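Here the structure comes first, spelled out in structure tokens, and everything after it is commentary.
None of these values were measured; they are calculated from a predicted model. These numbers come from the heavy atoms of this one structure, side chains and all, not from hydrogens, waters or symmetry mates. Numbers here are sequence positions counted from 1.
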Amino acid sequence: MSEKIFDTLHFPDRRGTNCVKWDALTATYGQDNLLPLWVADMDFYAAPCVREAMRTAVDAGVFGYFAPPASYLDAFLDWERTRHGVSADRSWIRFTPGVVTGIFWTISALTEPGDGIAILTPCYYPFMNAVRETGRRMVISELVHTENGYTVDLADFEEKARTEQIRMLLLCSPHNPVGHVWSEQELRGMLDICKRYDILVVSDEIHQDVVFNGHRHLSCLRFEDILDRLILLTAASKAFNLAGLQNSFALIPNADLRKRFDAYVKTTGMRQGSSLGYIAAEAAYRGGAQWLDEVLDYLQGNYDLLKQRLTAAFPRIRIDPLEGTYMIWVDLAGCVAPDRLVEVVQNKARLAVDFGSWFWPADQVPEDDAHIRINIATPRANVELACERLIEAIKSE
């Protein structure tokens, strides 16, 4: 590879910058003396191409109404072709100010109050919030944890589809929080069930570009026979650390679904986002590939360090192979009692993590749950410090 773009010698100090991860600890955890390894963004500078494009826009000095150029959509479509091997029609693309907002809009536009919405648990908790807060009915299908990681329970999902009158599946691909990259067989199985039972598929593929170890993200756009029931949501925000710019894509191949989606979005009064969001996303897709590849190498090193240190100290800690996302799903059940998890991890180790119980409905958290989700998109020194603190805290139990 040519000269490095991602600079591991220089990381920003995010404290005091109105950063949720670093500056909102008290609001979430009741204390601010924690090492933040929770919110899913990176403690890295954005790619130089992004910063340069935004610098140029700021230096222009005018921030009036903005018409997104055709080159913005071209950059996204080129990225999907070259990085993921899929082609999409630009007429399918709609703006959303974030994938989570896209989920809320899609549920509201395409289902009715009381309709069944399926999710695969443990799941990204905004999925559950979206179902509850739109007045829909949550239908849970639990993932199966095997010695090789997680997989979908197709028999259970089909039984729920047959008996629970599911209208929509919220699919997370790659899956957050367990970091699983779905195989073609798994995706084919879920999508076939959705076809048989007339279920819409909302595929959150925001982590599509954060994939490791020979795994390959398979876009749902590859499955042409389900395009008439697919809404795919994605963004540059996870791969390129642009979440604060609130610029995401909804791809809706079915013209009738697009019409219904558009009609709902009109009621929100929001037609487009910030000019800087468009500029940053286009720059990332145009010039950020090498930077991203180098970031993925760095994240792999962080994962290797975390797994080696924790499992060497406590072989009963379970950390599945890194497949996708930079959120690591760690099972401490072999070392920490579930009722001691917060005390050990938060109060003794002084780590701000996402606790496993957040990823199930409150009445369905497994009794033996002792999972934590650790964000490794941070300087390696923070991963080393987290390991030291956690090991010391567990040994003191």
Over 12 foreign heavy atoms within 6.0 Å of [atom1], [X]:
X	atom1	value
Arg132	CZ	yes
Arg316	CZ	no
Glu392	CD	no
Glu159	CD	yes
Asp59	CG	yes
Gln185	CD	no
Glu384	CD	yes

task: Mind running side chain to side chain contact (heavy atoms under 4.5 Å, CB included) on Met168 and Val202 for me, showing each step along the way?
output: CA-CA 7 Å; Met168 178 179 286; Val202 178; 3.5 Å; yes
Between [X] and [Y], do the side chains contain an N or O donor and an N or O acceptor separated by less than 3.5 Å?
X	Y	value
Glu186	His180	yes
Gln364	Glu142	no
His215	Asn213	no

- request: Answer yes or no: is there a donor N or O on one side and an acceptor on the other, between the side chain of Asp23 and the main chain of Cys19, under 3.5 Å?
  value: yes
task: Spell out, as yes or no, whether a donor-acceptor pair under 3.5 Å connects the side chain of Lys4 to the backbone of Glu294.
output: no
Summary of side chain to side chain donor-acceptor pair (under 3.5 Å) pairs that have at least one residue in residues 258-267, sequence neighbours excluded: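 Output for this query lists Arg94-Asp262.
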- prompt: Does a side-chain heavy-atom distance below 4.5 Å link Leu110 with Ile231?
  reply: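 Counting from C-beta outward, Leu110 and Ile231 do come under 4.5 Å.
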How about [X] and [Y]: are their ring centres within less than 6.0 Å of each other?
X	Y	answer
Phe261	Trp92	no
Phe76	Phe249	yes
Tyr124	Phe359	no
Phe6	Phe44	yes
His145	Tyr150	yes

Could you tell me which non-hydrogen atom of [X] sits nearest to which non-hydrogen atom of [Y], and how far apart they are?
X	Y	value
Ile226	Cys220	CD1-O, 3.8 Å
Val211	Leu296	O-CD1, 4.1 Å
Gly102	Leu233	C-CD1, 3.9 Å
Trp358	Tyr125	O-CB, 3.2 Å
Ala57	Phe63	O-CE2, 4.0 Å
Ile376	Asn302	O-ND2, 2.8 Å

task: With sequence neighbours left out, write down each residue that passes salt bridge (Lys or Arg N to Asp or Glu O under 4.0 Å) with Asp41, or none if nothing qualifies.
output: Arg14, Lys21
Expected list for residues 189-200: side-chain donor-acceptor pairs under 3.5 angstrom, two or more places apart:
| unit_1 | atom_1 | unit_2 | atom_2 | d |
| --- | --- | --- | --- | --- |
| Asp192 | OD1 | Arg188 | NE | 3.0 |
| Asp192 | OD1 | Arg188 | NH2 | 3.0 |
| Lys195 | NZ | Asp225 | OD2 | 2.9 |
| Arg196 | NE | Glu158 | OE2 | 3.2 |
| Arg196 | NH2 | Glu158 | OE1 | 3.1 |
| Arg196 | NH2 | Glu158 | OE2 | 3.1 |
| Tyr197 | OH | Glu158 | OE2 | 3.1 |
| Asp198 | OD1 | Arg229 | NH1 | 3.2 |

task: With rounding to the nearest 0.5 Å, note down the distance linking CE in Met327 to CG in Asn375.
output: 4.0 Å
Criterion side chain to side chain contact (heavy atoms under 4.5 Å, CB included) on Thr146 and Thr151, from CA distance to verdict: CA-CA 8 Å; Thr146 73; Thr151 188; 4.2 Å; yes
